[in-house]
Peer 1: 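Here's a structure for you.
Quick note: numbers below take in every heavy atom, side chains included, and nothing from hydrogens, waters or symmetry partners. The structure displayed is predicted, hence computed values, not measured ones.
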Amino acid sequence: MVIKLRDSVTIIDEKGEETEFFIEALFDVDNESFALIRKEDNSMFLTKIEEDQGEQYLVPVSDPNKSSNILDAYQIAVEENPAE
């Protein structure tokens with residue numbers, strides 16, 4: 001059995017609670033950067049990468065239409081340029 005390890009990131013929420021997420025993909029759409037992250041229970045989240053004073057933050061994409069459009073663009077890009 002081959003196990004692929006993914007990069008992970010620990011996110012601290014507004015209550016100070018830490019959760020580890022695995023980074024599934026990093027990509028840009030319309031000059032904005034996004035991360036597709038996954039929890040251990042396999043739930044997936046689309047987040048926008050924002051920077052403030054040298055720190056990076058992952059902000060959830062809460063608009064379902066925007067999220068769908070971004071994921072559609074990502075899927076098209078993956079289909080056009082599959083990884084080896």
Peer 1: In sequence, state the C-alpha distance, the side-chain angles, and the governing distance for Ile37 and Ile11, and then conclude on side-chain contact (heavy atoms from CB on, under 4.5 Å).
Peer 2: CA-CA 11 Å; Ile37 58 175; Ile11 296 177; 3.8 Å; yes

Peer 1: Ser43: what forms a side-chain hydrogen bond (donor to acceptor under 3.5 Å, both in side chains) with it, not counting sequence neighbours?
Peer 2: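 side-chain hydrogen bond (donor to acceptor under 3.5 Å, both in side chains) check on Ser43 returns Asp41.
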
Peer 1: Would you say Glu40 has more than 12 foreign heavy atoms packed within less than 6.0 Å of its CD?
Peer 2: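 Incorrect, the count does not exceed 12.
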
Peer 1: Side-chain donor-acceptor pairs under 3.5 Å in residues 56-72, sequence neighbours left out?
Peer 2:
{"from": "Asp63", "atom 1": "OD1", "to": "Asn65", "atom 2": "N", "distance (Å)": "2.9"}
{"from": "Asp63", "atom 1": "OD1", "to": "Lys66", "atom 2": "N", "distance (Å)": "3.4"}
{"from": "Asn69", "atom 1": "ND2", "to": "Asn65", "atom 2": "O", "distance (Å)": "3.4"}

Peer 1: Taking only distance into account, with no hydrogens and no angle test, what donor-acceptor pairs under 3.5 Å do side-chain atoms of residues 73-80 form with protein atoms, sequence neighbours excluded?
Peer 2:
{"from": "Gln75", "atom 1": "NE2", "to": "Glu79", "atom 2": "OE2", "distance (Å)": "3.2"}

Peer 1: So, taking the atom named CZ in Phe22 and the one named CE in Met44, what distance separates them when rounded to the nearest 0.5 Å?
Peer 2: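 If I round to the nearest 0.5 Å, the distance is 12.0 Å.
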
Peer 1: Set out, in order, the CA-CA distance, both residues' side-chain angles and the distance that settles side-chain contact (heavy atoms from CB on, under 4.5 Å) for Lys39 and Phe45, then state yes or no.
Peer 2: CA-CA 8 Å; Lys39 287 174 56 173; Phe45 302 91; 3.5 Å; yes

Peer 1: What side chain to side chain donor-acceptor pair (under 3.5 Å) pairs are there with at least one residue in residues 26-35, not counting sequence neighbours?
Peer 2: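 As it turns out, the side chain to side chain donor-acceptor pair (under 3.5 Å) pairs with a partner in residues 26-35, which skip direct neighbours, are Asp28-Ser33, Glu32-Lys48.
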
Peer 1: Output every pair passing side chain to side chain donor-acceptor pair (under 3.5 Å) with a member in residues 11-20, not counting sequence neighbours, ordered by first then second residue.
Peer 2: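 Sorted pair list: Ser8-Glu20.
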
Peer 1: Using the rule given for side-chain contact (heavy atoms from CB on, under 4.5 Å), can you reason through Phe34 versus Ile49, listing the C-alpha separation, both sets of side-chain angles and the distance that settles it, and then say yes or no?
Peer 2: CA-CA 5 Å; Phe34 295 92; Ile49 302 170; 5.8 Å; no

